[in-house]
K.L.:
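To start, I am sharing the structure in question, which I have written as structure tokens.
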Amino acid sequence: MVKVGIINVTGYAGAELARLLYLHPEAQMACVTGRSAAGKALSQVFPHLWPVDMTVVEELDGVDFAFSALPHAASAEAVAPLVRRGLPVVDISADFRLTDATEYQRWYGVEHPAPDLLPQAVYGLPELHRAAVREARLVANPGCYPTGALLALAPAARAGIIEPDVIIDAKSGVSGAGRSLGLVYHYAEANESVSAYALGGHRHLPEIVQELTRLWPDSAPPRVTFQPHLIPMTRGILTTCYAPLADGGLPAGEGAKAAVRELYEEAYRGEPFVRVAPEPPQTKHTWGNNLCLVYPTVDVRAGRLVVVSCIDNLVKGAAGQAIQNMNLMLGFPETTGLDQPAVYP
Ligand SMILES: NC(=O)c1ccc[n+]([C@@H]2O[C@H](COP(=O)([O-])OP(=O)(O)OC[C@H]3O[C@@H](n4cnc5c(N)ncnc54)[C@H](OP(=O)(O)O)[C@@H]3O)[C@@H](O)[C@H]2O)c1
């Protein structure tokens with residue numbers, strides 16, 4: 001049993017980590033930290049975690065592996081000393097996702113607290129960087145929106161069947177914004193309403209561009225418009241991506257649909273957490289599990305690739321993917337503790 005710790009169990013991502021780690025047969029949750037909840041029983045803070053008999057403490061101690069679910073900047077400050085003394089860490093915050101500290105400061109508005117650690121951080125999307133994650137001591141867990149968008153676009157980008165000019169239209173439930181209070185997340189504001197936000201550019205955009213650039217055959221940065229929306233549900237992200245087809249990449253006419261499906265099935269063959277769905281998927285099909293469902297097709301009249309993906313933002317978009325990364329880093333089978341079906345209805 002590996003002793004694992006959660007830094008900041010009191011947010012949604014931290015609580016979801018605790019729920020999933022409780023079910024992990026190779027990991028023992030040995031320490032959970034939280035600022036305002038220190039000294040309280042975890043089951044008092046989160047009644048749904050009643051079987052977990054643990055007290056929230058202020059400082060991480062006595063663990064062989066750590067997850068950080070702190071907000072950005074606070075996370076790098078907490079994680080840096082652990083990484084420097086050799087503890088393997090998965091950071092769920094944005095702090096180690098961007099390779100460039102200047103780009104980080106531009107989007108997050110603060111100086112990076114540990115830029116010296118950026119070269120060793122691995123972007124933890126296992127479907128793209130599995131071999132590097134296996135060798136890493138510091139894994140930057142991807143953002144929730146980038147997870148859905150990159151898994152939707154990666155096979156097409158890599159195969160060069162689309163032009164590097166992508167529109168990503170994504171809709172997230174309110175847990176994506178965390179537990180902190182905000183007027184737009186009040187029931188009366190969010191319920192029965194849908195809104196677009198961050199029209200000037202969302203913080204997940206540079207991360208998406210960084211990773212798509214690595215995939216594109218000619219490695220010029222693709223043009224990406226990423227537009228998030230808030231919708232009245234608790235969990236889940238539905239992403240629809242659009243890109244013009246490159247000349248000659250797919251057969252002409254209706255045959256393009258079968259060809260693109262075949263390309264995606266081949267790309268994700270053997271992937272435990274990505275399924276090419278037979279029908280356009282719904283977020284409900286991924287509630288509480290680590291799956292990403294992907295549905296690629298072609299708008300033949302417009303000559304455009306259309307790909308829909310669904311994830312649970314707190315599982316494949318955060319805690320589940322973090323455990324998938326831990327499994328790889330520690331040499332456990334990748335699906336350990338993560339093979340539960342979704343909750344339905
Ligand atoms: N929500 C998602 O879907 C999601 C997905 C992927 C990644 N993430 C990332 O995961 C991290 C946590 O997100 P979340 O949604 O779980 O957040 P959250 O629910 O809003 O939780 C934030 C918690 O962090 C604590 N906190 C805030 N500032 C702190 C500081 N400076 N030092 C110590 N504790 C502090 C607060 O605890 P106190 O009440 O004790 O102050 C609060 O409970 C973020 O970096 C986020 O970007 C979230």
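Read the numbers this way: they start at 1 and go in the same order the structure lists the ligands and their atoms.
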K.L.:
Should the heavy atoms of other residues, nucleotides or ligands under 6.0 Å from CD of Glu111 be counted, would the total exceed 12?
P.N.:
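At most 12 heavy atoms, drawn from other residues, nucleotides or ligands, come within 6.0 Å of this atom.
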
K.L.:
So for Ser75, does at least one of its heavy atoms come nearer than 4.0 angstrom to any atom of ligand 1?
P.N.:
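For ligand 1, residue contact (heavy atoms, under 4.0 Å) with Ser75 is absent.
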
K.L.:
Identify the protein heavy atom lying closest to atom 4 (C) of ligand 1, giving its residue, its atom name and the separation to 0.1 Å.
P.N.:
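Ranking protein heavy atoms by distance from atom 4 (C) of ligand 1, first comes Ala318 CB, 4.3 Å.
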
K.L.:
Please tell me whether Phe96 and His112 form a close aromatic pair, meaning their ring centres lie under 6.0 Å apart.
P.N.:
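Between His112 and Phe96, which both carry aromatic rings, the centre distance is below 6.0 Å.
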
K.L.:
Take atom CZ in Arg130; do more than 12 heavy atoms of anything else shown fall under 6.0 Å from it?
P.N.:
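Yes, enclosed.
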
K.L.:
Within the 3.5 Å criterion, strictly below it, is a donor on His285 or Glu279 matched to an acceptor on the partner's side chain?
P.N.:
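There is no such pair (donor and acceptor under 3.5 Å, judged by atom type) between the side chains of His285 and Glu279.
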
K.L.:
Give the residue, atom name and distance (to 0.1 Å) of the protein heavy atom nearest atom 37 (O) of ligand 1.
P.N.:
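It is Thr10 OG1, 3.5 Å.
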
K.L.:
Is atom 23 (C) of ligand 1 near the protein, in the sense that some protein heavy atom lies at less than 4.0 Å from it?
P.N.:
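So atom 23 (C) of ligand 1 has protein heavy-atom neighbours under 4.0 Å.
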
K.L.:
Against heavy atoms of Ser93, which atoms of ligand 1 measure under 4.0 Å?
P.N.:
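Near Ser93, meaning under 4.0 Å from one of its heavy atoms, ligand 1 has 45 (O).
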
K.L.:
Going by atom types alone, do Tyr104 and Asp95 pair a side-chain donor with an acceptor below 3.5 Å?
P.N.:
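Yes, because at least one side-chain N or O of Tyr104 sits under 3.5 Å from a partner of the opposite role on Asp95.
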
K.L.:
Among protein heavy atoms, which sits nearest to atom 26 (N) of ligand 1, and what does the distance come to when rounded to 0.1 Å?
P.N.:
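Residue, atom and distance for the closest contact: Arg35 NH2, 3.7 Å.
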
K.L.:
Within a reach of under 6.0 Å around CD of Gln340, are more than 12 heavy atoms found that belong to other residues, nucleotides or ligands?
P.N.:
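More than 12 within 6.0 Å, yes.
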
K.L.:
Contact between ligand 1 and Gly317 is defined here as a heavy atom of the residue under 4.0 Å from a ligand atom; is it met?
P.N.:
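Right, Gly317 reaches ligand 1.
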
K.L.:
Can you sort out which atoms of ligand 1 are near Ser180, meaning under 4.0 Å from one of its heavy atoms?
P.N.:
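It comes down to these atoms of ligand 1: 20 (O).
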
K.L.:
Is atom 47 (O) of ligand 1 less than 4.0 angstrom from some protein heavy atom?
P.N.:
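It does not; no protein heavy atom is within 4.0 Å.
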
K.L.:
Will you find, in the side chains of Ser75 and Ser68, an N or O donor that is under 3.5 Å from an N or O acceptor?
P.N.:
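Their side chains do contain a donor-acceptor pair, which is all the 3.5 Å distance test asks for.
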
K.L.:
Which residue and atom name correspond to the protein heavy atom nearest atom 18 (P) of ligand 1, and how close is it?
P.N.:
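Scanning the protein heavy atoms, the shortest distance from atom 18 (P) of ligand 1 goes to Arg179 N, 3.3 Å.
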
K.L.:
Under a 4.0 angstrom heavy-atom cut-off, which atoms of ligand 1 come close to Ala69?
P.N.:
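Counting atoms of ligand 1 from 1, those under 4.0 Å from Ala69 are 11 (C), 12 (C).
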
K.L.:
Could you find the nearest protein heavy atom to atom 44 (C) of ligand 1 and give me its residue, atom name and distance?
P.N.:
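In this structure, atom 44 (C) of ligand 1 has Leu70 O, 3.4 Å as its nearest protein heavy atom.
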
K.L.:
Would you say the ring centers of Phe65 and Phe67 fall short of 6.0 Å from each other?
P.N.:
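Between Phe65 and Phe67, the centre distance is under 6.0 Å.
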
K.L.:
For atom 16 (O) of ligand 1, which candidate among Ser68, Ala13, Gly173 holds the nearest heavy atom?
P.N.:
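The nearest heavy atom belongs to Ala13.
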
K.L.:
Between atom OH of Tyr145 and atom CD1 of Ile208, what is the distance when rounded to the nearest 0.5 Å?
P.N.:
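Interatomic distance, Tyr145 OH to Ile208 CD1, rounded to 0.5 Å: 10.0 Å.
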
K.L.:
Measure the distance from atom 39 (O) of ligand 1 to every protein heavy atom, then report the residue, atom name and distance (to 0.1 Å) of the closest one.
P.N.:
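Its nearest protein heavy-atom neighbour is Ser36 OG, 3.0 Å.
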
K.L.:
Would you mind checking which non-hydrogen protein atom is closest to atom 27 (C) of ligand 1, with the distance to 0.1 Å?
P.N.:
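It is Pro71 CG, 3.4 Å.
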
K.L.:
Hey, what's the ring geometry for Tyr197 with His202, parallel, tilted or perpendicular (30° and 60° as the breaks)?
P.N.:
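Correct class here is perpendicular.
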
K.L.:
Under 4.0 Å from a heavy atom of Leu314: give me the atoms of ligand 1 that qualify, with their elements.
P.N.:
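Counting from 1, the qualifying ligand atoms are 1 (N), 2 (C), 3 (O).
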
K.L.:
Identify, for atom 17 (O) of ligand 1, the protein heavy atom at the shortest distance, and state residue, atom and that distance.
P.N.:
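I find the closest protein heavy atom is Gly178 CA, 3.9 Å.
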
K.L.:
So, is Asn313 polar-close to ligand 1, with some N/O to N/O distance under 3.5 Å?
P.N.:
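It does: an N or O of Asn313 is found under 3.5 Å from an N or O of ligand 1.
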
K.L.:
Locate the shortest heavy-atom distance separating Pro278 from Tyr295; write the atom from each residue and the value.
P.N.:
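Heavy atoms of Pro278 and Tyr295 come nearest at O-CE1, 3.6 Å.
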
